[in-house]
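Keep in mind that what you see is a predicted model, and the values were worked out from it rather than measured. Every chain is numbered from 1, with letters handed out A, B, ... down the list of sequences.
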Number of protein chains: 2
Amino acid sequence: MVDKYITADRCDCEVIHEDVVNSVRTKMPKEETLYDLAELFKVFGDSTRIRILWALDEAEMCVCDIAYLLNMTQSAISHQLRVLKQAKLVRNRREGKVVYYSLDDEHVKMIFDQGLVHINEDK
Amino acid sequence: MVDKYITADRCDCEVIHEDVVNSVRTKMPKEETLYDLAELFKVFGDSTRIRILWALDEAEMCVCDIAYLLNMTQSAISHQLRVLKQAKLVRNRREGKVVYYSLDDEHVKMIFDQGLVHINEDK
DNA sequence: TAGATATATGAATAGCTGCTCATATAAAAA
DNA sequence: TTTTTATATGAGCAGCTATTCATATATCTA
């Protein structure tokens, strides 16, 4: 069951299934990719941003529309829209004083739907 | 272009496209659902947890294996495994002193893959 | 039994994050 | 031009979170 006795720098235990670990290690994407993935999900990990994205999936809206819809301040929404823009999840266009935001990624809804599948599983 | 002039409690602006907002409002999932969705993505929004999940997607591993693989302390991994278990993303089984963890949701990989599609888009 | 080992967990803390508030900027209207 | 309005943004702060450290618990071994 147990293969070898090794001690890693940080891991403060000794029983390690080295063949399993080595096998998994070769299959892991590189650190940077997983870091980027976590950063993306971090953006999804806030209900305000989730609500904004969901709303924009239904229709293009201006900042004021979104603030009104979610009953939040314009400033709070504007800050979050910046986060979403940096993550390349939304784009905007200016029309006079009004700035309209819309979704910039057709995968967002698919990711959300997969998440909902998990949530709706009763285990 | 602009439909009506309204002022919401929090929104500190006046120009609102009321028909758009109302239409979107009827299509939005209920608040609780979107909150739960954000909570799920919050779990994915940490590179340590992402790496653990990815590793467990390759093979069942004990706490020590994971700590060794990721070069982190057993305690840090154990704390994160608890978070993942509470989110029903991993399960465990005990075999003597050793506790083995494995994925508890086949959608995780699909969600990750969708996320990677977004990341790999060069815009 | 006592000792060793794998894991779990509570407390403490440093760093992060989302909001508020005040203010800046941009564009239209007066 | 000045005023008004929509949006953007920096500073500050309260709350959260991921890790560390110490220790508890569970199980096997001697």
Side-chain angles (χ1 to χ4, degrees), chain A residues 1-17 35 38-39 41-52 61-68 70-87 90-101, chain B residues 1-17 35 38-39 41-52 61-68 70-87 90-101:
Chain A
M1 191 57 59
V2 167
D3 305 303
K4 289 196 176 182
Y5 290 79
I6 310 161
T7 307
D9 292 350
R10 316 294 306 290
C11 164
D12 44 359
C13 47
E14 291 179 346
V15 177
I16 293 163
H17 305 78
Y35 179 81
E39 289 301 301
F41 287 129
K42 206 168 284 183
V43 176
F44 291 147
D46 175 82
S47 62
T48 298
R49 288 191 294 265
I50 286 273
R51 290 186 297 161
I52 292 174
M61 289 195 283
C62 70
V63 179
C64 190
D65 287 343
I66 302 171
Y68 178 68
L70 304 183
N71 197 33
M72 292 180 66
T73 64
Q74 171 271 321
S75 178
I77 298 300
S78 192
H79 276 295
Q80 296 296 9
L81 284 169
R82 187 154 60 99
V83 174
L84 293 171
K85 185 135 189 263
Q86 282 170 344
V90 304
R91 60 171 162 260
N92 59 15
R93 67 182 178 86
R94 179 177 277 276
E95 197 169 290
K97 281 180 295 186
V98 183
V99 176
Y100 293 91
Y101 281 83
Chain B
M1 189 57 61
V2 166
D3 305 302
K4 289 196 176 181
Y5 291 80
I6 310 159
T7 307
D9 293 350
R10 315 293 307 288
C11 166
D12 42 1
C13 45
E14 291 179 346
V15 176
I16 293 163
H17 305 77
Y35 179 81
E39 288 302 300
F41 288 127
K42 207 168 282 181
V43 176
F44 291 146
D46 176 82
S47 62
T48 297
R49 288 191 292 265
I50 286 274
R51 290 186 299 161
I52 293 174
M61 288 195 284
C62 69
V63 179
C64 190
D65 287 342
I66 302 171
Y68 178 67
L70 303 184
N71 197 34
M72 293 180 66
T73 64
Q74 171 271 321
S75 178
I77 298 300
S78 193
H79 276 295
Q80 295 297 8
L81 284 170
R82 186 154 60 98
V83 174
L84 293 171
K85 186 138 189 258
Q86 283 170 344
V90 304
R91 58 172 163 260
N92 59 13
R93 68 183 177 85
R94 180 177 276 275
E95 198 169 290
K97 282 180 296 187
V98 182
V99 177
Y100 293 92
Y101 281 83

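In this structure, the separation between CG on B/D65 and CG on B/L70 is 10.5 Å, given to the nearest 0.5 Å. The CG atom of A/L81 sits 8.5 Å away from atom CG of A/N92, with the distance rounded to the nearest 0.5 Å. Taken from OG in A/S78 to OH in A/Y101, the straight-line distance is 5.5 Å, to the nearest 0.5 Å.
The phosphate of C/dA8 has neither OP1 nor OP2 within less than 4.0 Å of any side-chain N or O from B/Q74.
Near DNA chain C, defined here as any heavy-atom distance below 4.0 Å, the residues from residues 41-49 of chain A are A/K42, A/D46, A/T48, A/R49, listed numerically.
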Can you give each donor-acceptor pair under 3.5 Å made by side-chain atoms of residues 41-48 of chain A, sequence neighbours left out, with the distance rounded to 0.1 Å?
unit_1: A/K42; atom_1: NZ; unit_2: A/E39; atom_2: OE2; d: 3.1
unit_1: A/D46; atom_1: OD2; unit_2: A/T48; atom_2: N; d: 3.1
unit_1: A/D46; atom_1: OD2; unit_2: A/R49; atom_2: N; d: 3.1

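The separation between A/R51 atom CZ and C/dG18 atom P is 13 Å, rounded to whole Å.
Listed by chain and residue number, A/D104 satisfy the salt bridge (charged side-chain N to carboxylate O under 4.0 Å, His left out) test with A/R91 (two or more places apart in sequence, or in another chain). Partners of B/R82 according to the side-chain contact (heavy atoms from CB on, under 4.5 Å) rule, which considers only residues two or more places apart in sequence or in another chain, are B/H79, B/Q86.
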Report, one pair per line, the protein and nucleotides 10-14 of chain D atoms (nitrogen or oxygen only) whose separation is under 3.5 Å.
unit_1: D/dG10; atom_1: O6; unit_2: A/H79; atom_2: NE2; d: 2.8

Atom pairs, N/O to N/O, protein against nucleotides 28-30 of chain D, distance under 3.5 Å?
none

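Distances from the side chain of B/S78 to the nucleotides C/dA8, D/dT27, D/dT9 place C/dA8 closest. Taking the side chain of B/Y101 as heavy atoms from C-beta on, and the options D/dT7, C/dT20, C/dA8, the nearest nucleotide is C/dA8.
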